[in-house]
Amino acid sequence: MKFFNYCLLTTFMLVTVVQIGCLSGGAMKTADKLVEAKDYRGAIEAYQNVVNTKPGTVDAREAQLAIGKLYIEHLNRPAQGVKAYEAIIAEAPESEEAAEAYYRLGMYHYRQKDFETAQTQFDMIVNQFPHLELSQKAHLMLAKSYEDGQKYEKAVEAFDSFANRNPQSERAAQALINKARIQRDLIKDDEEAKRTLQFTVKKYGSIDAAKSHIDKAKEELTELNATIPEPENPEDTQIGRALKREQERREMNRPRGGVEKSRAMGPKVAAEDSGFGISAEEVMRNFGGDTAIAGDDQGSYHDAELMIAGFFYGDENYRNAGALYFDAIARAEAEKVKIDPYSYLRLSICYRKLGMHQKAAKVLKKAASRDSKVIDAVISTGQNQHTNEEYEKALETFNSIVGLNRNKDAEIYWFIGKTYEKLGDSEKEREAFEQAVAKNPEDTDALQSLAEVLHYRLKDRKTAGIFQDIIEQKRDSFITMKTLGDVCYKYKEYNKAQIKYKAAARVAKRLLGKSENPAEKQILTHQYGYGTILAVLSIFKQGREADAQTLLDTLVSEYPEHPLLPYAKGEIALLKGDEKVAIDAFKEAMEKDPRSDIPVIALGDYYVSKGYNDDAITLWENYLEKDKYNTKVLRRLKPLKANGE
């Protein structure tokens, strides 16, 4: 009887499952028909029924995709559509439906000309779903969104990484033509455009499917009076020569009158998908002909993989090289064998060359946590590239390890700054040296370099003098400590910033206790309050709201009429998202002290952040009527007016 009841229950459950499946399948068909009939609201209800009855399934996610599309494309309710797509990503972030949701979100934001948000969506697909065909479309859209968003250097990099990622694709040649077009027409760098076009002809000139693109490249090279190279002979490459040697060696070792033994592949290693679109086994098999190369008495199988990866890497075939580096590292780790740290670096470079920056960062972070020598190896590589005048490569190398070891970041940013100095980009040079100072305000090399770029190349001699004073140990002043605090705050080193701001406030407070001059006392009181308020904001930024309020309350108790107290209220209101309170507070501070530029700059910066450029221009022009030589206001106003013309 028990057996009969069990069978009855099992049969009932099976029938129920089948019925639910049929119902949901029927609901999807019903919804699809309602879409065809343009009954979009009815279709959404039908799709939502699938979502409700089959939560967590592929059917439910496909229904969500359909709902998102209807809201955006037919009902003009984009917020609801975006919400539907985001729900898929939140529920099943690694699913193919999530990849499709990312793509649709990217296309929606792209059409809205919100290129930065679109780039984020497309980049997620490139990095998280490299195995999907959709990833190629996303990669090209990423490049296009960079171009349309006027991030031309990024667009060049994206088209280049697409070609590296799909070396056998006809679209690789097209991507390189697009890269050259941007270099020539938008960046105005004919030399780089020439190199790209020559590489395209050399690499793809013998491929029939790419003929139209090659003809275009040759036409462009003729216009540029540049040499048109011959198409590449596969045997002239490093990998071609290595393959030829291997074939000769195999022929020499072939038993006479017998059959060559099939070489065994290395042992299988359980590993995640590398993302390169080709397995190491395929690469090794292709390299070795019908059989694959295995390790011999001179080394293990992963040694052989690393050797061959080096050939592919030298020929800039980052796809095949990356697949081999990935597998070799996995084998070495499985065998608990240490591997040359440069292998991790090269694997990360292969990922970056294919546009997978997130995977590149993950590789180096993991490697650095296991072997401290990895960071040193990367720095050494960047230094060698810098010495060899390979400045773009050096930048790529140094940037790949920023943030992996906080104790090394100041040094790395200093190297980045020196590289930008060689490239003649003074603004980026300054920014890199500022980053180095923010990471380590006691780094005299970074301080000296920052002072030099400010003095000699950017002609900001006043600020350069402040940093020179710091180098010469003349730190006991409000302005030096505040300037260091400003640099730390700018780059989100809030703990270091609050230390420097408190030091600035202490200097002002000490001098205030000694001063007998009313005018001087007024200035020192202003400085003490300002330094304290900046420390308050830095502490608030660290998430220590109670500590920040305690410090502010101390200032209020000491100087209840300090003119910058409303300014402090405004800045804190902005941090809390209360914009109306912030605006009113800034205006109150301006009324209390019409001569102070601090609340004027704060309010103007807020206007600019919201796109209210006309309001900012009016505000700053009115202030300049009272202080026409104020460099901080002029520096902000000039580009704003230039962009509006």
Asker: Let me have the donor-acceptor pairs involving side chains of residues 319-326, under 3.5 Å, with sequence neighbours excluded, atom names and distances please.
Answerer:
from: R319; atom 1: NE; to: F276; atom 2: O; distance (Å): 3.3
from: R319; atom 1: NH2; to: G277; atom 2: O; distance (Å): 3.4
from: Y325; atom 1: OH; to: R346; atom 2: NH1; distance (Å): 3.0

Asker: Suppose we screen for salt bridge (Lys or Arg N to Asp or Glu O under 4.0 Å). Which residues come up paired with R61, at least two apart in sequence or across chains?
Answerer: E91, E97
Asker: Mind checking side chain to side chain contact (heavy atoms under 4.5 Å, CB included) for E73 and listing every partner two or more places apart, or none if nothing turns up?
Answerer: K69
Asker: Taking ring-ring contact (aromatic ring centres under 6.0 Å, His included) as the cut-off, I'd like each qualifying pair that reaches into residues 173-204, sequence neighbours left out, listed once.
Answerer: none
Asker: Is there any salt bridge (charged side-chain N to carboxylate O under 4.0 Å, His left out) pair reaching into residues 370-387, and which pairs are they, with sequence neighbours excluded?
Answerer: E333-R370, D376-K408
Asker: Residues in ring-ring contact (aromatic ring centres under 6.0 Å, His included) with Y146, at least two apart?
Answerer: none
Asker: Scan the side chains in residues 107-121 for donor-acceptor partners under 3.5 Å anywhere in the protein, sequence neighbours excluded, and list what turns up.
Answerer:
from: Y110; atom 1: OH; to: D148; atom 2: OD2; distance (Å): 2.3
from: D114; atom 1: OD1; to: T117; atom 2: N; distance (Å): 3.4
from: D114; atom 1: OD1; to: T117; atom 2: OG1; distance (Å): 3.1
from: D114; atom 1: OD2; to: T117; atom 2: OG1; distance (Å): 2.8
from: Q119; atom 1: OE1; to: K151; atom 2: NZ; distance (Å): 3.4
from: Q119; atom 1: NE2; to: F115; atom 2: O; distance (Å): 3.3
from: Q119; atom 1: NE2; to: S145; atom 2: O; distance (Å): 3.2
from: T120; atom 1: OG1; to: E116; atom 2: O; distance (Å): 3.2

Asker: Would you please name every residue forming a side chain to side chain contact (heavy atoms under 4.5 Å, CB included) with E219, sequence neighbours left out?
Answerer: E223
Asker: Does anything in residues 377-399 form a salt bridge (charged side-chain N to carboxylate O under 4.0 Å, His left out)? List the pairs, not counting sequence neighbours.
Answerer: R352-E396, K353-E396, E390-K393
Asker: What residues form a side chain to side chain contact (heavy atoms under 4.5 Å, CB included) with K218, not counting sequence neighbours?
Answerer: V201, I214, I228
Asker: If you look only at pairs with a residue in residues 152-189, which of them pass as a ring-ring contact (aromatic ring centres under 6.0 Å, His included), with sequence neighbours excluded?
Answerer: H139-F162
Asker: I need the full list of ring-ring contact (aromatic ring centres under 6.0 Å, His included) pairs touching residues 69-107, with sequence neighbours left out, sorted by first then second residue.
Answerer: Y40-H74, Y103-F122
